[in-house]
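Worksheet: the structure to be examined is printed underneath.
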Amino acid sequence: MTNQPIQHHHDGDYMSLMNGLRELDFIDPSVPSALVLTGDHAFPLAMNSQGQVLMAASLYSHGRIVVFSHEGYLTTFPDLVENALTWLRGDGSDNLSVGVHENVKAVADNLTKSSFQAEVVDSFSQNQGFGVYVTDAYSVGEDPKDLVVFLKAGGGVLLAGQAWSWAADHPNENTLLQFQGNKVCGVAGIYFSEHQGEVESLPVYPEIPASWMTISVGKDFEDDLEFLIKGVSEFDFPDDQTASVILVHGPLAFPIGTTGDGRAFLAGAYYGKGRVIVVSHETLAPFWNNAIHWLDEGRQGVVGVVPDNALNIMRRSGLQCEKTNFRDDLSVFVCTAYSSDYMNEIQHFVAEGGGLLIGGHAWYWTQTHSGQNPLTDFSGNQILNKMGLSLLGETIEGSIYKAPVPSQAKDSYHFRHLLHRFAGHVFNSEELTQQEEGCLRKLGKDCSSFLRMKPQDCTAYHQVVSTLTDILKRSGMPQVCDSCPVCPDPDALLPYLIKENPFLSVVYNQRIKINVNTADGEEWISTGLYLSPGMKTFLSMPPEIVNNGWKIQIGCQTDYLDHEELKRAPCVHERFPITTEMMQVWNLWGGLIYLVAPPKTQVNGAKVIVQMAVPAPYYKSGETTPAQWALLRTAPSPWAELEFDNIIITVPSDDVRSLEDPDELAVLWDAIMRAVADLAVIPHKFPCKERFVTDVQISAGWMHAGYPVMAHMASTSELVSVKNARSEGVWGPIHELGHNQQRDCWEFPPHTTEGTCNLWSVYVHEEVLGINREQTQPDLALSERNKRAKEYAEGGRNLSSWDMWVALETYLQLQEKFGWDALKKVFAAYHRMTNCPEDDNKGKMNLYAETFSKTVKRNLCGFFKSWGWPIEAATEKKLSNLPPWSDHPMVQYG
């Protein structure tokens, strides 16, 4: 048994329920059921040394529930019952009326000397006016909807019983859904299981108990799989589709369709009294008829369908299907994962018995939302996480995958089950199977993904953190550094992970003035302050940014790493939504403090006060004086920031401590950014300043574009040395800034992705740094350029090999003939265009040829065709009145 290493949001509830209790003696003739907990709000009160939960509590909507795993405990523990009744009454309620079912009338007898007013009744009715209702698990009625409505509206329920004897008498029935007590407590994520619980005398722990031995999977899903894959031998996943991996983590969740190495693209779960199926691509559906009937559970109800393309498929089920948004009179709701509309309503709908079929992937969202957390910010996961399923940014390519064998369901990969088995291996030397050993790398990645959810009120999260904490303490932990890669780590291990964490001097009550007018994307606001690893601080927030989409971010390195070898933890930044005027924040790994402004937000003059933090070397053009910089560059933070007119550069502090004249560097970067804007034909004042951040390891490449642009620390000198920039050039950084200027309307992926961005590198080096293109890169030597063009022409002018340097050559030939101004005029023309072709390279290439030709008043069709472009007859006709460019460089190659 272990106790929580980090704070649980229900700690206060637990302390109220266990107030004054020191021991719970379960040693009596009563044989309890082990309880299974799911969802965000269920938490254990009593847990035996085998990790079995014997008592639990939960919240559901406005109400509260406490569950004992045997009805005898209602009289065995009278003090706990009184605590429970007080807690169940709710904060601020003065309703002392308690309804007690006649089958447990002894509870009423025990309350005669208390302040509660107990009334014994033969059944529950909402008209009785009780604040709390006490019953055994067998007396809730065949259809206990009234009791669920009472709970949901704010009532308290104390429920006690066991299900193992019922399960023995009903071997062919589903205990989770059909046992009477589960029809009430199941909605709140507490279930009586068919497994007997071991009894012993238990101490009352000061915090919510946790154990690696707690049930990892709460059901044998063989019967579910037999129903779901009846008549299905394989899943034919089209080659041109890409799905997301589904993380199956809830104790009542299970994989349905998986790849050969255990990655799930189709999964199901029990949630409350209902069921859910998630498919990680909205068009992948080989078994809809079985799925819909499994979700409907024989009700023959209405299936509400949101996606148009799914309606006809669903109608083949024989059930009544309607095109509709969510409504609560449905039996099954079918939707995509791209909207969190009706999130709470959908979760309650499933908890109270409805079926949910949801499809979609998270990989594209992850790629296009840099700095955001798909586990918490992606709309589908906001619905699915608490149901024990999550969509990851990791991808699965199309193929044909075999359907599972139901009898082997217990052997399929499940994150919680394998973690449970691995903990048994670490603590008790239990042997792992060869199949389990082969999945350990996947387990490590899934641990990292799971921990990114950080639901502080979720018992499952705390169980996993507790288990990982104990495993790492038992096995030891190497230090995090470039030469010593490590695996993903949970939060409460600071002394084990970072042994060298020196005290850094701090400043107090620093005021940060906010003046922002954001464009279409979020924007980081630098504070010039840093938190040491594990250090906590408070921030006082102005009311106008509270609950308006703002966040606090700790840490500048927002790349999530998914490499086999890690030189830092996969995720080293933290984000906190600003929901109150006083926010406490921290980060295990420490980091610079930022305010993150949402898109299209304007705030002027608001002030944030940071209670305590470490000052960082922070220079800002036009504000930081030379005298101030002389002191600031010695500030103790290990990370520094240089903020210029249009770009912010974040590097290790040691690399700027000798920087005596940041104004000179500012002049250089201001000139570079003006040149970037000039070629893109955008205003010199960027709507959002670009950012560069260096890191010991990044997610892709030597550098990669985005907000921020990420670079390895070896690139620091390119960013902060004027001498280095003017002598050696800054090709890599400008290449990434060029990526950020690429626009879909004139890009032809994948051909030009790594090509047209280099136009900015060439332009900046020649126009700002005075470095000729032949000196910028060996690949741009004239001999190399001619060689590539000749080989491309002689190789058949196939677009399959028209990329990177070959593609760049096309644009350089245009520039060398018509000048940079021609390219600028073409880009400007695109700014004025509407209705450009989308996802159609052929259409976009014809439009580009037409646009460039009209810009320079020459017919360039022959030139572009010489490069293998698919120029159409219609385009040639449009340009036939212009004089042709007949002596272009590609003519020499025939």
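Below, all heavy atoms of this structure are taken into account, side chains as well, without hydrogens, waters or symmetry copies.
- Not counting sequence neighbours, the partners of F349 by the side chain to side chain contact (heavy atoms under 4.5 Å, CB included) test are F326, L330, F333.
- Shortest non-hydrogen contact noted between S449 and L375 is O-CG, 3.5 Å.
- In this structure, the side chain of Y14 engages the main chain of Y205 through a donor-acceptor pair within 3.5 Å.
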(request) Please step through side-chain contact (heavy atoms from CB on, under 4.5 Å) for the pair T258 and Y401, ending with a clear verdict. (result) CA-CA 7 Å; T258 65; Y401 300 106; over 6 Å; no

(message) As a quick check of understanding, evaluate side-chain contact (heavy atoms from CB on, under 4.5 Å) for V148 and E352, giving each step before the final call.
(response) CA-CA 8 Å; V148 172; E352 293 168 26; 4.2 Å; yes

(request) May I have the step-by-step check of side chain to side chain donor-acceptor pair (under 3.5 Å) for S139 and D136, ending in yes or no? (result) CA-CA 6 Å; S139 307; D136 62 35; 2.6 Å; yes

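- The ring pair (Phe, Tyr, Trp, His ring centres under 6.0 Å) check on W166 picks up H170, F179, with sequence neighbours excluded.
- In this structure, the side chains of V134 and L74 come closer than 4.5 Å at one or more pairs of heavy atoms.
- Nearest approach of A362 to T366, heavy atoms of both residues: O-OG1, 2.7 Å.
- Of all heavy-atom pairs spanning P404 and F235, the tightest one is CD-CE1, 4.0 Å.
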(request) Output, in order, the C-alpha distance, side-chain angles, deciding distance and verdict of side-chain contact (heavy atoms from CB on, under 4.5 Å) for C447 and L468. (result) CA-CA 9 Å; C447 285; L468 289 173; 3.9 Å; yes

Would you list the atom pairs, donor with acceptor, under 3.5 Å between side chains in residues 265-279 and any protein atom, with sequence neighbours excluded?
residue : atom : partner : partner atom : Å
Y270    : OH   : N174    : ND2          : 2.8
Y270    : OH   : D224    : OD1          : 2.6
Y270    : OH   : D224    : OD2          : 3.4
Y270    : OH   : R275    : NH2          : 3.4
K273    : NZ   : K183    : O            : 3.4
R275    : NH1  : W294    : O            : 2.8

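- No donor-acceptor pair closer than 3.5 Å links the side chain of Q382 to the backbone N or O of M343.
- With sequence neighbours excluded, no residue forms a side chain to side chain donor-acceptor pair (under 3.5 Å) with E437.
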(message) Apply side chain to side chain donor-acceptor pair (under 3.5 Å) to residues T175 and Q178 and explain how you reach the verdict.
(response) CA-CA 5 Å; T175 304; Q178 294 170 313; over 6 Å; no

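- Between the N385 side chain and the N381 main chain, a donor and an acceptor come within less than 3.5 Å of each other.
- Inspection of the S33 and Q196 side chains reveals no N or O donor paired with an N or O acceptor under 3.5 Å.
- E394 and S244 form no side-chain donor-acceptor contact under 3.5 Å, judged by distance and modelled atom types alone.
- When atom types are taken as modelled, the side chain of N373 and the backbone of M453 share no donor-acceptor pair closer than 3.5 angstrom.
- Judged by distance alone, the side chain of N110 and the main-chain N or O of P78 form no donor-acceptor pair under 3.5 Å.
- Applying the salt bridge (charged side-chain N to carboxylate O under 4.0 Å, His left out) test to every pair with at least one member in residues 381-393, sequence neighbours left out, gives these pairs: D40-K386.
- Smallest separation of non-hydrogen atoms from T214 and G51: OG1-O, 3.0 Å.
- Under a cut-off of 6.0 angstrom, the local environment of CE in M15 is sparse, with at most 12 non-hydrogen atoms contributed by other residues, nucleotides or ligands.
- For S448 (side chain) and G444 (main-chain N/O), no donor-acceptor pair under 3.5 Å exists by modelled atom type.
- Across all non-hydrogen atoms, the minimal contact from G388 to A253 is O-CB, 3.5 Å.
- With hydrogens and angles ignored, the 3.5 Å screen pairs no side-chain donor or acceptor of H195 with any backbone N or O of Q52.
- The aromatic ring centres of F450 and F415 sit less than 6.0 Å apart.
- Counting non-hydrogen atoms of neighbouring residues, nucleotides and ligands closer than 6.0 angstrom, the CD atom of Q435 reaches no more than 12 such neighbours.
- With sequence neighbours excluded, the residues that form a side chain to side chain contact (heavy atoms under 4.5 Å, CB included) with N83 are N19, L21.
- The side chain to side chain donor-acceptor pair (under 3.5 Å) test applied to H249 returns S390, not counting sequence neighbours.
- Not counting sequence neighbours, the partners of Y73 by the ring pair (Phe, Tyr, Trp, His ring centres under 6.0 Å) test are F26, H70, F77.
- Shown here are the side chain to side chain contact (heavy atoms under 4.5 Å, CB included) partners of A423, two or more places apart in sequence or in another chain: W212, F427, T467, I471.
- Heavy atoms only, all atoms of each residue included: L202 and M47 are closest at CD1-O, 3.5 Å.
- Remark: side-chain polar atoms of S201 are not paired, donor with acceptor, to backbone N or O of D25 under 3.5 angstrom.
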(request) Please assess L177 against N182 for the test side-chain contact (heavy atoms from CB on, under 4.5 Å), listing each intermediate value before the final yes or no. (result) CA-CA 6 Å; L177 296 181; N182 285 338; over 6 Å; no

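- Pairs of residues two or more places apart, or lying in two chains, that qualify as salt bridge (charged side-chain N to carboxylate O under 4.0 Å, His left out) and include a residue from residues 47-65 are R64-D91.
- Of the possible polar contacts, one joining the Y138 side chain to the Q162 backbone as a donor-acceptor pair under 3.5 Å is found.
- Applying the ring pair (Phe, Tyr, Trp, His ring centres under 6.0 Å) test to H417 and every residue at least two apart in sequence or in another chain returns nothing.
- By the side chain to side chain contact (heavy atoms under 4.5 Å, CB included) test, D261 is found to be paired with T259, R263, residues two or more places apart in sequence or in another chain being considered.
- Using modelled atom types, one side-chain atom of R568 and one backbone atom of P570 make a donor-acceptor pair closer than 3.5 Å.
- Atoms CD and NE2, from E71 and H101 in turn, are 12.5 Å apart once rounded to the nearest 0.5 Å.
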